[in-house]
2 protein chains.
Amino acid sequence: MKTSSGRAKGRPPRLSKEDIVAAARDIIADEGAEQLTMRRLAREIGCTAMALYHHFQSKDDLLLHVLEDVAARLPHPVLPADPRERLVLVCGLMRQAFVENPWVVPLVARGEMVAPSAVWMTEEIIAALVGCGLSVEQAFDVNQTIWYYTAGQVAAAVRQAGEAGQKPAGPHYLETIVAEQGEQRSAETMPYLSRLAGVWRDLEAGYSYQRGLHHILDGALDPDSHPAR
Amino acid sequence: MKTSSGRAKGRPPRLSKEDIVAAARDIIADEGAEQLTMRRLAREIGCTAMALYHHFQSKDDLLLHVLEDVAARLPHPVLPADPRERLVLVCGLMRQAFVENPWVVPLVARGEMVAPSAVWMTEEIIAALVGCGLSVEQAFDVNQTIWYYTAGQVAAAVRQAGEAGQKPAGPHYLETIVAEQGEQRSAETMPYLSRLAGVWRDLEAGYSYQRGLHHILDGALDPDSHPAR
DNA sequence: ACCTGAACACCGTTCAAGT
DNA sequence: ACCTGAACACCGTTCAAGT
């Protein structure tokens, strides 16, 4: 019942916010966020770029709506009772959501944009941390730590996935550095890195987000690790 | 003795790579990385934008040289003998370097650019982790975890610092959400976040990178946390 | 070899005008 | 109220030409 007062005035809209958001979402999904420009979006919809500004204040405003649209479609499964299991599962869902929507990572990491439909994850994480025996303040702290870790890990994972798409994965920069300054000298100045250079990519591929998360939880849930503040 | 063979041919260069890099570094330091454009840089130096392309393949190539220049100027103090103390100190230096040069965060986090002059930090971290009793493979893993955490934390810290500069720090988005859907309903659907919304910024300001790092180390250096792989 | 001038193919956004 | 057309103020980069 949104027809506020009397009948609608003026020209009836040909474009709806929902349609524009949906079209933007499709372009990002199909061709990546870099391909989403106001002109490109307008071409897809069949209007001029300027018509979009009648529905959204700016491109950022539009992106905020796309973000909320994506967040509203995220899975919200039933969670296990054990708080630590809940924690690992929700963090995994959060990470998965970012991996599948890599364009939101820089926006959300910079803290400029947030989707109301996704805050339940943070609520669950803090609640589960409290369930593990932390105070609310401690839970806030650990939630931050987890978030920073997750954001950084996803950024790196997205990068690797992007690289895998195009090039035949040339030599890692560490190999280049070792090659440039010579193996002899490299082994002296950076013994570990010169050994690891060749297998760096393999080790990277074997990295487990969940294992790292468990390390953080092991350290953060230890009662001794939280002095009175 | 780089004058390879015979005397120099052609027109003597008016611009040097070093001068261009220095000018670019100054612009970024004074006005931020967003202000560095090829045209702006050329104006500063007193040439056309196109002249720059005779010294660098692209803007990215130029940025790579600026990055290396910055990395080469980072402090490299004597480190304590105790491996855990070394770890915390080197990570602090790394974080500090990023906080003081926020423009490198997205570049390095995406893994596209790396400065040879800064790899000693990674070498020290891995060596210290081995000194704490880990295998090289385990040390690699934990180094990744630390790196992800650091990258994410710095990105957030830089954001906050940027916000503090301009606006009088409007309400946090959590407060906005709570206000929009009502305190009553918010307290039901997200009890912890509705309680934390008002003090979120204060808690954020009280977050300690070092404390989070210690949590990670506590968990990761525990012998039980590394099953055979 | 080193640098210039003009141009290409883009951006997000403003603003006056049309229906 | 809704949309168009032209324009503004930018980008990074290419390419032929000058010295």
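Order of the sequence lines sets the chain letters (A, B, ...), proteins ahead of strands, with each chain counted from 1.
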- [ ] With sequence neighbours excluded, give me every salt bridge (charged side-chain N to carboxylate O under 4.0 Å, His left out) pair touching residues 47-68 of chain B.
- [x]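 Residue pairs with at least one partner in residues 47-68 of chain B: there are none.
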Residues in side-chain contact (heavy atoms from CB on, under 4.5 Å) with [X], at least two apart?
| X | result |
| --- | --- |
| B:His55 | B:Leu15, B:Lys17, B:Ile20 |
| B:Glu183 | B:Val178 |
| B:Glu175 | B:Pro171, B:His172, B:Ala197 |
| B:Val105 | B:Phe98, B:Val154, B:Ala155 |

Of the residues in [range], which ones touch DNA chain C at a heavy-atom distance under 4.0 Å?
| range | result |
| --- | --- |
| residues 40-55 of chain A | A:Met50, A:Tyr53 |
| residues 59-68 of chain A | A:Lys59 |
| residues 15-39 of chain B | B:Leu15, B:Arg39 |

Open item on the list: Can you list everything that forms a salt bridge (Lys or Arg N to Asp or Glu O under 4.0 Å) with B:Glu123? Sequence neighbours excluded, please.
Closed with: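 Counting only residues at least two positions away or on another chain, B:Glu123 forms no salt bridge (Lys or Arg N to Asp or Glu O under 4.0 Å).
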Task: A:Asp69: salt bridge (Lys or Arg N to Asp or Glu O under 4.0 Å) partners, not counting sequence neighbours - done: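 A:Arg25, A:Arg73.
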Open item on the list: Could you spell out the base pairing of DNA chain D as a dot-bracket line? Use Watson-Crick and G-U wobble contacts where both distances are under 3.5 Å, [ ] for crossing pairs, | for partners on a different strand.
Closed with: ||.|||||...|||||.||
Only pairs under 3.5 Å count here: list side-chain donor-acceptor contacts from residues 36-45 of chain A, not counting sequence neighbours, and write none if there are none.
{"unit_1": "A:Thr37", "atom_1": "OG1", "unit_2": "A:Arg40", "atom_2": "N", "d": "3.0"}
{"unit_1": "A:Arg40", "atom_1": "NH1", "unit_2": "A:Glu44", "atom_2": "OE1", "d": "2.5"}
{"unit_1": "A:Arg40", "atom_1": "NH2", "unit_2": "A:Glu31", "atom_2": "OE1", "d": "3.4"}
{"unit_1": "A:Arg40", "atom_1": "NH2", "unit_2": "A:Glu31", "atom_2": "OE2", "d": "2.6"}
{"unit_1": "A:Arg40", "atom_1": "NH2", "unit_2": "A:Glu44", "atom_2": "OE1", "d": "3.3"}

- [ ] Taking atom P in both D:dA9 and C:dA9, compute the distance separating them and give it to the nearest angstrom.
- [x]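 Roughly 23 Å separates the two P atoms.
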Open item on the list: Measure CZ/B:Arg14 against P/D:dT19 and give the value in whole Å, please.
Closed with: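 That distance rounds to 14 Å.
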Open item on the list: If I take atom CG from residue A:Leu174 and atom OG1 from residue B:Thr122, how far apart are they, to the nearest 0.5 angstrom?
Closed with: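 Answer rounded to 0.5 Å: 7.5 Å.
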